[in-house]
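One-based numbering along the sequence shown.
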Amino acid sequence: MSIKQQTLNALPGTIYSPHLQQVTDKLKNHPDSQQEYLQKALGDQYKKFQGITIPGFLASDKRLQGQLKSGKLSFNAYLHAVIPKALLTDLNGNNYQVTDLKGWKVSISISGKTSKNYGWGFVYFLEP
């Protein structure tokens with residue numbers, strides 16, 4: 001199963017958005033700042049845009065990423081461990097739970113198994 005599909009499975013009720021994916025895939029390849037680019041690309045929806053870093057910046061998350069890379073932890077188990085923590089810390093301090101994201105659009109940018117950064121990346125959200 002792809003990283004994208006496993007991530008979507010770890011976020012039940014969210015909706016993969018090809019448009020949001022296209023927008024976030026271009027975050028680093030434009031002349032504007034990321035904020036300026038996102039404001040232009042998303043228009044009024046920019047106010048509803050949020051993102052999380054996978055893994056977060058806690059030492060325990062880095063250990064989980066190490067276990068993932070060494071094969072001691074499955075990608076599915078890794079996601080179920082790091083996503084809830086990231087939701088609590090990254091989404092503007094709103095302390096979201098996975099179940100709060102039902103109906104939210106998502107895009108995913110997480111490094112694959114062949115990358116030295118396996119398991120690191122971002123999940124972006126648009127509130128409904």
Among Leu8, Ile110, Thr24, side chain to side chain contact (heavy atoms under 4.5 Å, CB included) partner for Val123: Ile110
Sidechain-backbone polar pair: Lys105 side chain, His19 backbone, donor-acceptor under 3.5 Å: no
Side-chain heavy atoms of Phe122 within contact of Ile108, under 4.5 Å: no
Approximate separation, where rounding is to 0.5 Å, of Gln39 CD and Tyr46 OH: 5.0 Å
Tyr124 ring center within less than 6.0 Å of Trp104 ring center: no
Main-chain N/O of Met1 paired to Gln6 side chain as donor or acceptor, under 3.5 Å: yes
Trace of the side chain to side chain contact (heavy atoms under 4.5 Å, CB included) decision for Leu27 with Leu38: CA-CA 8 Å; Leu27 271 174; Leu38 288 168; 3.7 Å; yes
Side chain proximity check, Val106 to Ile15, heavy atoms < 4.5 angstrom: no
Considering all heavy atoms, the nearest Pro12-Val98 contact: CD-CG1, 3.6 Å
Close side-chain approach of Phe75 to Thr7, heavy-atom, < 4.5 Å: yes
Side chain proximity check, Leu64 to Lys69, heavy atoms < 4.5 angstrom: no
Closest heavy-atom pair and its distance - Tyr16, Gln21: OH-CG, 3.1 Å
Evaluation steps, side chain to side chain contact (heavy atoms under 4.5 Å, CB included), between Val82 and Gln65: CA-CA 9 Å; Val82 298; Gln65 187 181 19; over 6 Å; no
Spacing of Ser111 atom OG and Trp120 atom CH2 [to the nearest 0.5 Å]: 7.0 Å
Any donor-acceptor N/O pair, Glu127 side chain to Phe49 backbone, under 3.5 Å: no
Heavy-atom side-chain contact between Leu87 and Leu101 under 4.5 Å: yes
Ile52 CD1 to Tyr96 OH distance, which is reported to the nearest 0.5 Å: 12.5 Å
Distance in Å, Asn9 CG paired with Thr14 OG1, rounded so as to fall on 0.5 Å steps: 9.0 Å
NZ on Lys48 to CG on Leu42, rounded to 0.5 Å: 11.5 Å
Heavy-atom donor-acceptor pair, Tyr78 side chain to Gly119 backbone, under 3.5 Å: yes
Check: Lys26 main-chain N/O paired with Asn29 side-chain donor or acceptor under 3.5 Å: no
Flag, side chain of Gln5 to backbone of Ser2, donor-acceptor distance under 3.5 Å: no
Nearest-0.5 Å distance, CG of residue Asn76 to CG of residue Leu68: 11.0 Å
